[in-house]
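Comments concern the structure below.
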2 protein chains.
Amino acid sequence: MAQAELIFTGDELLRGEVVNTNQSFLAEALLLLGIETTLALCVPDGRAEIASAIRDSLARRPAVLLLSGGLGPTPDDLTREAVADALGRRLEQREDLLRVLESRFADLGRPMENSNLKQATIPRGSQALQPVGTAPGFYVQEEGALLIALPGPPAELRRMWTEQVDPLLRDRFGLKAGEDHSFVRRLRLFGLGESSVADRLSDLDWRGGPVTIGTRSNADGVLIVLRARQAAGDRETPGEQEASARSRGLDEVERAVRERLGPHVYGTDGEGLSDAVAQLLLRRRSTVATAESCTGGLLGKLLTDRAGSSEYYLGGVVSYNDRLKESLLEVDPALLRSKGAVSPEVAAAMARGARRLTDANFALSTSGVAGPGGGSDQKPVGLVYVGLASADDVEVKELHLPGDREAVRLRTANSALDLLRRRLLAAERSAS
Amino acid sequence: MAQAELIFTGDELLRGEVVNTNQSFLAEALLLLGIETTLALCVPDGRAEIASAIRDSLARRPAVLLLSGGLGPTPDDLTREAVADALGRRLEQREDLLRVLESRFADLGRPMENSNLKQATIPRGSQALQPVGTAPGFYVQEEGALLIALPGPPAELRRMWTEQVDPLLRDRFGLKAGEDHSFVRRLRLFGLGESSVADRLSDLDWRGGPVTIGTRSNADGVLIVLRARQAAGDRETPGEQEASARSRGLDEVERAVRERLGPHVYGTDGEGLSDAVAQLLLRRRSTVATAESCTGGLLGKLLTDRAGSSEYYLGGVVSYNDRLKESLLEVDPALLRSKGAVSPEVAAAMARGARRLTDANFALSTSGVAGPGGGSDQKPVGLVYVGLASADDVEVKELHLPGDREAVRLRTANSALDLLRRRLLAAERSAS
């Protein structure tokens, strides 16, 4: 298996100011290409430190050396210089990059500063990676290693990876577009805790068999990771490897897990709850609207995370203030007075109101005490109602959610999505 | 300044299955004690690899070498063995740890397995750190370096740090409980790119002086980090050090930076744009409402991130579908037809509509092409309008935003917040 090393530059990483999400992104993306990461390190924004890390890494002869960070315009962006030092090459200004940057700034309606000039320089003999923002990357073959320098901001790094680096590496390592080298399956589920999952799967062999089982929990629910151990077959083609992975039992274990967890499983790799809902809505040509209180817009945001969401999401109302619940959603003022905004009755009325207002097939509502203040004995922090209105009825679910304000709000929005998902799933089953 | 190196073990980190949040936690915690992290690395779960990383690190003579991970009971937990190898010490089973583990398992109502026995062994001459879960840590002084081994699960690591390691290091480095050693100031700004910041601050000394300047850009704008270098005074008391740090120029550099960047600076440490807006609204007892299209609810979500937001945020409309722009926000259908939803005219009408609907003092609107699809020559992906309606007028700003869908949407919401922030700031100034 080909090996890679990763070097991240940035004092902010070494002062704990940011969490390094680029590492998990790159390591996972490399693994899909059949490239194993054997070392990852963070070094300070110092020319000598970066150059020395590069030299040490090249001495270990990885097939790929990825750098991230230090390609900006400021004096502490020193990766270009450090690569030039480590490889004994000169930096040269590239006219084509200069022109790309000029047009990029023109598009942004911002003047190009003198400090940006150095972003058009790359080490002699290297190839440019076109800038996503204003930082070009570059790559250069140095003996056995392909050294690739990427910008640090995650959005820029991810797009440059997907559009330029992934195709480059597929080409080098003989992998077609879309063909993956993965021996991992991930299943996502909602509505069960990690320990309940462990309990329901307790008759399966988690670590001893040819396929290992692992779990991890996050706000989207629980993630189950199935991994086929890699045998000696490193020289097989990806197709053969995938086939032998199957024969090693990945399919079989996935089936066993799904049997034990039923409709709690909502998706696989990379799909969020809102993706699962989107697919079901599209399949039924149905639309949804929202009436949000404690989530403040988060539910709508999740429903519009993917492109094309206007096909199924119409919009809705954020009725944070009770007066808007009355004026826009036509919630009965007497109900608000007698039951309070955080009540099953008001959650139901909000969902009905949003549906009436938008003519959507379904409407979701949220109302709860997100905290940290605002709780009482009768309505403590974490008490939440999510509602679902359809042509036939209104369903309301009461939740008691742990965690801080952010966790309660995210969990509330996801619970509303899951309510709709299960309804759509049930409708699909009864129709077939 | 004392220096630390961090070594993280775990194949899951090198496969990208988990994000390494322990690194930012430890680096930040060390900095509060006046200890600077100069290198962080992730190595595989291999005895030889871990031992070699430890030896290399000790050769660089850091004051502290922190290890995390590999203290569990499974065959791939190898940190104990690797430390013993690197230091040339034997592992010994400790009777006291064995008894702690036995009682821990009794509490959990679980049998203690044979595999747990090895968790009671630590290298000869080291001190045990009491287990939070079932994994004891340990520390050992090796010539100039204090080597500390901590478990990998973040909850266990954090509690072991707070209860046992933080007091230990305070004792070693002469710092009282609760007394911090922080010499950093952070300034946040919006509306200027990193390169414009670099240009405006180009007459300041970024790296050579007693206070270094660094920048980092994210969706909230640009973060400027000012850091006072620690001089010879390592033996001063923290109070004296803070005073001398001031005299070494932290205040002076902050003032110089603020002069050059004016109202672009919106806050300091830990404050987001929505916090700055919240404070200004509270001070003027003003309220705001929202009319969102491309952000789908994200703007409302940001405005309600902090507790107590109902004091200034009333709510609004997510008019993702154009019909809702007409029916709820009373945007003229002829305007939508002639100018399109993504136009300054419609953004203005949306903001006016939201203000009328809610009686808020201000209303913000967003409309744009978030991508990746849906762009045209005239209205490319990244073209966005944000609007601000007040009692007096409506202001609309046109933006051309780079990046993917997520980046465009976050930047759009933040641009709307910044538009309101500047308006409130100007009103405050003209009133005083």
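Numbers restart at 1 for each chain; the letters A, B, ... are given by sequence-line order, proteins then strands. Predicted, not measured: the structure shown is a model, and the values here were computed from it.
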Side-chain heavy-atom pair B:Phe8, B:Asn22 within 4.5 angstrom cut-off: yes
Pairs of heavy atoms under 4.5 Å with chain B: top-ranked of A:Glu28, A:Met112, A:Glu406, A:Glu113: A:Glu113
Largest heavy-atom contact set with chain A, pairs under 4.5 Å, which of B:Ser196, B:Gly46, B:Ala53: B:Ser196
Structural part of B:Leu399 lying under 4.5 Å from a heavy atom of chain A: neither
When B:Thr21, B:Val225, B:Val43 are compared by non-hydrogen pairs under 4.5 Å with chain A, the top option: B:Val225
Closest-packed option against chain A by number of heavy-atom pairs under 4.5 Å, given B:Glu17, B:His400, B:Glu49: B:Glu17
Contact leader toward chain B among A:Gly296, A:Pro44, A:Gly374, A:Gly308, where contacts are heavy-atom pairs under 4.5 Å: A:Gly296
Pairs of heavy atoms under 4.5 Å with chain B: top-ranked of A:Leu13, A:Leu357, A:Asp305: A:Asp305
Closest-packed option against chain A by number of heavy-atom pairs under 4.5 Å, given B:Leu26, B:Leu39, B:Val197, B:Asp359: B:Leu39
Exam field: side chain B:Glu292 to backbone B:Gly297, donor-acceptor pair closer than 3.5 Å: yes
Heavy-atom closest pair, residues B:Lys325 and B:Ser319: NZ-O, 3.0 Å
No-hydrogen, no-angle side-chain donor-acceptor test under 3.5 Å, A:Thr295 and A:Thr366: yes
Top contributor to chain A interface from B:Ile7, B:Leu328, B:Asn20, B:Thr215 [non-hydrogen pairs under 4.5 Å]: B:Leu328
Portion of A:Ser310 that has a non-hydrogen atom of chain B nearer than 4.5 angstrom: both
Contact origin within A:Leu324 toward chain B - heavy atom pairs under 4.5 Å: side chain
Shortest non-hydrogen contact between B:Ser195 and A:Arg110, atoms and distance: OG-NH2, 4.0 Å
Side-chain (A:Ser367) to main-chain (A:Ala341) donor-acceptor, under 3.5 angstrom: yes
Under 4.5 Å from any heavy atom of chain A - which part of B:Asp322: neither
Distance-only side-chain donor-acceptor flag, B:Tyr320 / A:Thr304, under 3.5 Å: no
Electrostatic pair A:Asp56:A:Arg60 at N-O distance under 4.0 angstrom: no
Structural part of B:Arg186 lying under 4.5 Å from a heavy atom of chain A: side chain
Over 12 foreign heavy atoms within 6.0 Å of NZ, A:Lys118: yes
Option in A:Asp11, A:Leu303, A:Val18 with maximal non-hydrogen atom pairs under 4.5 Å from chain B: A:Val18
Most contacts with chain B, counted as non-hydrogen pairs under 4.5 angstrom, among A:Leu30, A:Leu302, A:Asp45: A:Asp45
B:Val317, part contacting chain A, at a heavy-atom distance under 4.5 Å: both
Residue B:Ser293 versus chain A: region with a heavy atom under 4.5 Å: neither
Whether A:Trp161 and A:Phe25 hold their rings parallel, tilted or perpendicular, with breakpoints at 30° and 60°: perpendicular
Residue selection (most heavy-atom pairs with chain B, distance under 4.5 Å) from A:Gly300, A:Gly133, A:Gly10: A:Gly300
Most chain A-contacting option - heavy-atom pairs closer than 4.5 Å, from B:Arg15, B:Glu12, B:Arg323, B:Glu398: B:Arg15
Under 3.5 Å side-chain donor-acceptor pair for B:Asp199 and B:Ser202: no
A:Tyr313 side chain to A:Thr287 side chain, donor-acceptor N/O pair below 3.5 angstrom: no
Heavy-atom proximity to chain B below 4.5 Å, by part of A:Arg158: neither
